[in-house]
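For reference, the structure discussed in these notes is given below.
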Amino acid sequence: MNWLNWLNTFFTDPDRLHGPDSIVHRVTEHLVLSGEALGVAFVLAVPLGLLIGYAGRGAGLVTALTGAARALPTLGLVTLAVLVAGVGDTAVLVPLVALAAPVLLVAACEGVRGTDPDLRDAARGIGLTHPQVLWQVCVPWALPALLAGLRTAAVQVIATATVAAYVGLGGLGRYVIDGLATKDFPQTLGGALLVVLLAVATQLLFAALNRFALPAGLRRR
């Protein structure tokens, strides 16, 4: 089968083992870029989502706006960012953050809104302040939703970070874009497979976090 031969050609190529075009180097670039985007999105979206969810106001507007933001074309945002900021990490981070932030915003907001009202009332009844109720009661309750949102955002960012190659940056997208440009089908197929495997590995990582990092009661919920 041709595709098996192509994969064998790709993975046995000496350039994939050492140097700037090696698999380890490209995967590292891809993870660093994805991690930066997720980190920025988390800092921007999660605190705002927690506050909106706790206040109980503006949740409908958040859902509507985030739905519209998620519909924005990533490649179009990359092109616009290049025109405004020039070629560089910013040109890719902007659309990746725009992709991840809505997911995290909704997850944080809905997670806090789903807190058992009786728990909140009991916490206020024993004298906890609003910030204490938020951090000691609502945030732990929202952890499953936050983790699910982070998992979704991470997979989407990893899959979409291939667009970095369009503006000359690294990552696994280099294999896909360069392979298409030169009709190097083994390189294109190998790069696409690595992106899929990285996304699957991310899913498994979050499944492990859900299993071992959350208390049993939160996991069931």
Side-chain angles (χ1 to χ4, degrees), residues 33-74 76-78 80-81 84-85 89-90 92-161 202-203 205-221:
L33 181 61
S34 300
E36 289 176 349
L38 281 172
V40 173
F42 188 93
V43 170
L44 293 176
V46 171
L48 180 60
L50 294 177
L51 291 176
I52 293 174
Y54 184 78
R57 299 174 182 174
L61 180 61
V62 165
T63 302
L65 290 177
T66 53
R70 291 166 66 180
L72 294 172
T74 302
L77 287 176
V78 170
L80 180 61
V84 174
D89 288 356
T90 302
V92 179
L93 284 176
V94 168
L96 291 181
V97 170
L99 179 68
V103 179
L104 297 175
L105 180 63
V106 170
C109 180
E110 295 301 321
V112 172
R113 287 183 68 199
T115 305
D116 188 336
D118 292 338
L119 286 178
R120 293 177 60 163
D121 292 341
R124 290 290 295 156
I126 63 174
L128 294 185
T129 64
H130 284 295
Q132 288 174 325
V133 173
L134 174 60
W135 290 106
Q136 297 179 27
V137 178
C138 296
V139 171
W141 186 277
L143 278 179
L146 278 171
L147 196 57
L150 188 58
R151 177 189 61 198
T152 300
V155 171
Q156 289 181 345
V157 166
I158 285 172
T160 310
T202 302
Q203 288 275 21
L205 173 62
F206 277 97
L209 287 175
N210 187 70
R211 181 175 178 83
F212 297 109
L214 294 179
L218 291 180
R219 287 202 304 272
R220 287 195 295 271
R221 184 163 56 75

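Quantities reported herein were computed from a predicted structural model and do not represent experimental measurements. Excluded from the calculations below are hydrogen atoms, water molecules and symmetry mates; all remaining heavy atoms, backbone and side chain alike, are included.
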**side-chain contact (heavy atoms from CB on, under 4.5 Å) evaluation trace for L44 with V97** = CA-CA 9 Å; L44 293 176; V97 170; 4.2 Å; yes

Which heavy atom of [X] sits nearest to which heavy atom of [Y], and what is that distance?
X    : Y    : answer
T202 : A154 : CG2-CB, 3.8 Å
G53  : V112 : C-CG1, 3.6 Å
A41  : A101 : CB-N, 3.8 Å
A107 : G149 : CB-CA, 3.8 Å
L104 : L38  : CD1-O, 4.5 Å
A37  : V157 : CB-CG1, 4.2 Å

**Message:** Between T115 and Y54, does the side-chain contact (heavy atoms from CB on, under 4.5 Å) criterion hold? Intermediate values first, please.
**Reply:** CA-CA 9 Å; T115 305; Y54 184 78; over 6 Å; no

**Complete:** Distance col, row R113:CZ vs L50:CG, nearest 0.5 angstrom, shows 13.5 Å

**Complete:** One should read off an interatomic distance between F206 CZ and T152 OG1, to the nearest 0.5 angstrom, of 9.0 Å

**Request:** Could you give me the CA-CA distance, side-chain angles and deciding distance for L134 and L51, then say whether side-chain contact (heavy atoms from CB on, under 4.5 Å) is met?
**Result:** CA-CA 8 Å; L134 174 60; L51 291 176; 4.1 Å; yes

**Request:** Tell me, with the steps shown, if S34 and L96 meet side-chain contact (heavy atoms from CB on, under 4.5 Å).
**Result:** CA-CA 8 Å; S34 300; L96 291 181; 5.6 Å; no

